[in-house]
Amino acid sequence: MDNKLKSKRKLVSGLPVSCLLLLFLALGIGRLSAQETKSDRTFKGGAALSVITPKVGTSINGNFKDDTVRHIHDDTHARSLVLDDGNTKIAMVTLDLCVVHRETLDNAKKRANKFTGIPIENMLISAIHTHSGGTACSVWQSEPDPDYLIFLEERTADAIIRANNNLEPARIGWGVGQEPSEVFNRRWKLKEGITFTNPFGGEDKVRMNPGFENPDLVGPAGPIDSEVPIISVKSVEGRTIAILANYSLHYVGGTKSGEISADYFAMFANRIGELVGADRQTPDFVGIMTNGTSGDINNINFGGSAPKPMKPYEKMAIVANTVAAEAYKVYQDITYHDWVPLAIVQKEISLGVRKADAKELKRANNILAAAKSDGSFSRDELYAREAIFLNDFPDQKQLILQAVQIGDLAITAVPCEVFVEIGLEIKAKSPFKQTFCISLANGYNGYLPTPKHHAWGGYETWRARSSYLEVNASNVITSNLLELLEQLKSSALTSR
């Protein structure tokens, strides 16, 4: 017999009976715990829709000038997905709106928490940024109907409550595709010596949507993000409960005046449901398209020739079908998990507000004093009006940032119209295998350009309620989000 084996047997045989019992119990408990960890955890998923369509006669926002709802092309919704790993629940919701105040979302979260017990900080609610939805935020010349805000709070909460009620044992998987054909950077650099006058009397080196075949252009002022990440949740029987996707496209547009529509986001949701064969089932399949980092991205290629005119909603359908086809390709190759850990971390930060100085305020007041009294405003008059509004803002604004973990997938959430470069940086530096960012989440704090883009100027940097955070805001937000991702990654939960 091997001498080492003999010595081991002597060591064990020489142990007191009490020690042997403790050793065997410890080994047995270890095996039992491993078995329980593997078999007793149940992952659950549930999804639901709630209609949030505004009344005819109320406000539509998304443009400098307010519009009035005269027809409903397609109902708008709150689209909710609730996930539960047995220890942590998270709720992710999109609202078919352009933008929405934090106060409205905070009230919706409180109501949902009362009925579900899901912690308020575990709820991520974002606007999709349709420019043909009901007004839920004071912006430009649009003001929300107070009754609509109450309705919106209730229906948003109801979507979470109903999704929580629909929770059932489920499997989850994710993946990412590429669709570069429908995204273009809308900010263009101007040739040396060519500038564009901004509303404050200064000169910009970059212009948004500069027109087709413009001889003064050098090229796009930034990149695009062509990724189409998706999360798919299925029942244990194989029924697709929900698909949540993400694409960095501002919106498409092309509606009729005065019509409510959830834009390509809803068309995508409907089309992906058809492709996966889940468009006629109970409970309803829920398709969700979140808005990625699209602050400087749209669907128009100003580097090419002007396209032929299209009928209303025609371009939306083309984009929705194209992106849905790519999402379906990803869906077909997804590996599903019986259980994955969930976690969400939230942080509130304070950022400075860019306000007009005394000289700029005097200029703004002079411009408004000379304006017509018929309620119409020129571009410069609108920005003068915004300077007055911002003067009443606090010097610092509080923002919510979030990071979500679903297995080795991470999601970040920012309450801004985030420039694409910021999203690309977060993806590149994230410690997780796959990461994407949801914009316009948990409130609205305007555009988020980088300091470089602030120096170049252009519409997205012009000081207004749609763009007011300090010049360095993107660096502060990016740094905090990366810290939150590292916090999630280093948590023991990741390897549980």
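Computed from a predicted structure; not experimentally measured.
For the 3.5 Å distance criterion, the side chains of Ser350 and Gln398 qualify, holding a donor opposite an acceptor. When only modelled atom types and interatomic distance are considered, Ser59 and Asp66 share a side-chain donor-acceptor pair under 3.5 Å. Side-chain contact annotation: Glu143 with Ser138, donor-acceptor N/O pair under 3.5 Å present. In summary, the side chains of Thr197 and Glu203 do present a donor paired with an acceptor at a separation below 3.5 Å, with no hydrogens or angles considered. Between the side chains of Glu417 and His129, at least one donor N or O sits under 3.5 Å from an acceptor N or O. At a cut-off of 3.5 Å, with distance as the only test, no side-chain donor of Ser439 or Asn291 sits close to an acceptor on the other residue. Between the side chains of Tyr468 and Asn445, at least one donor-acceptor pair of N or O atoms lies under 3.5 Å.
What you find for Leu390 and Lys355 is that their closest heavy atoms are O-CE, 3.4 Å. In terms of heavy-atom proximity, Val69 sits nearest to Val56 at O-CG1, 3.4 Å. Across all their heavy atoms, Glu213 and Ser305 have their closest contact at OE2-OG, 3.4 Å. Across all non-hydrogen atoms, the minimal contact from Val420 to Ile224 is CG2-C, 3.8 Å.
A distance of 12.0 Å separates CZ in Arg79 from OG1 in Thr290, rounded to the nearest 0.5 Å.
Crowding of Lys205 atom NZ: a count of heavy atoms from other residues, nucleotides or ligands under 6.0 Å not exceeding 12. Sparse packing is recorded around CG of Asp395, with 12 or fewer heavy atoms of other residues, nucleotides or ligands lying under 6.0 Å away.
In terms of modelled atom types and a separation under 3.5 Å, the side chain of Ser248 and the main chain of Thr293 share a donor-acceptor contact. Listed for the Lys65 side chain is no donor-acceptor partner under 3.5 Å among the backbone atoms of Ser376. Thr130 places no side-chain N or O within donor-acceptor distance of the main-chain N or O of Leu97, the cut-off being under 3.5 Å. Remark: the backbone N or O of Phe265 is not paired with any side-chain donor or acceptor of Asp263 at under 3.5 angstrom. Tyr148 contributes a side-chain N or O that, together with a main-chain N or O of Ile52, makes up a donor-acceptor pair within less than 3.5 Å.
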Discussion item. Salt bridge (Lys or Arg N to Asp or Glu O under 4.0 Å) for Arg162 and Asp158? Distances and angles first, verdict last.
Written reply: CA-CA 6 Å; Arg162 293 172 61 198; Asp158 286 355; over 6 Å; no
Discussion item. Run the side-chain contact (heavy atoms from CB on, under 4.5 Å) test on Ser257 and Arg70 for me, step by step, so that the C-alpha distance in whole Å, both residues' side-chain angles and the decisive distance to 0.1 Å come before the verdict.
Written reply: CA-CA 8 Å; Ser257 178; Arg70 295 187 292 278; 2.7 Å; yes
Worksheet item: Yes or no on side-chain hydrogen bond (donor to acceptor under 3.5 Å, both in side chains) for Tyr247 and Glu326, after CA distance, side-chain angles and deciding distance?
Response: CA-CA 11 Å; Tyr247 196 45; Glu326 180 62 18; over 6 Å; no
Fill in: Chi angles and distances behind the salt bridge (Lys or Arg N to Asp or Glu O under 4.0 Å) call for Glu153, Lys110
CA-CA 9 Å; Glu153 291 170 8; Lys110 290 174 185 176; over 6 Å; no
Discussion item. Using the rule given for salt bridge (Lys or Arg N to Asp or Glu O under 4.0 Å), can you reason through Arg207 versus Asp216, listing the C-alpha separation, both sets of side-chain angles and the distance that settles it, and then say yes or no?
Written reply: CA-CA 10 Å; Arg207 186 171 180 179; Asp216 296 332; over 6 Å; no
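Here the options are Leu244, Ile344, Leu342, the test is side chain to side chain contact (heavy atoms under 4.5 Å, CB included), and the partner is Ile406; only Leu342 passes.
Ring orientation note: the planes of Phe200 and Tyr383 are nearly perpendicular, at an angle over 60° on the 30°/60° scale.
Side-chain contact check for Lys109 versus Ile125: some heavy-atom pair is nearer than 4.5 Å.
The ring of Tyr447 has its center closer than 6.0 angstrom to the ring center of Tyr459.
Residues satisfying the ring-ring contact (aromatic ring centres under 6.0 Å, His included) test with His101, not counting sequence neighbours, are none.
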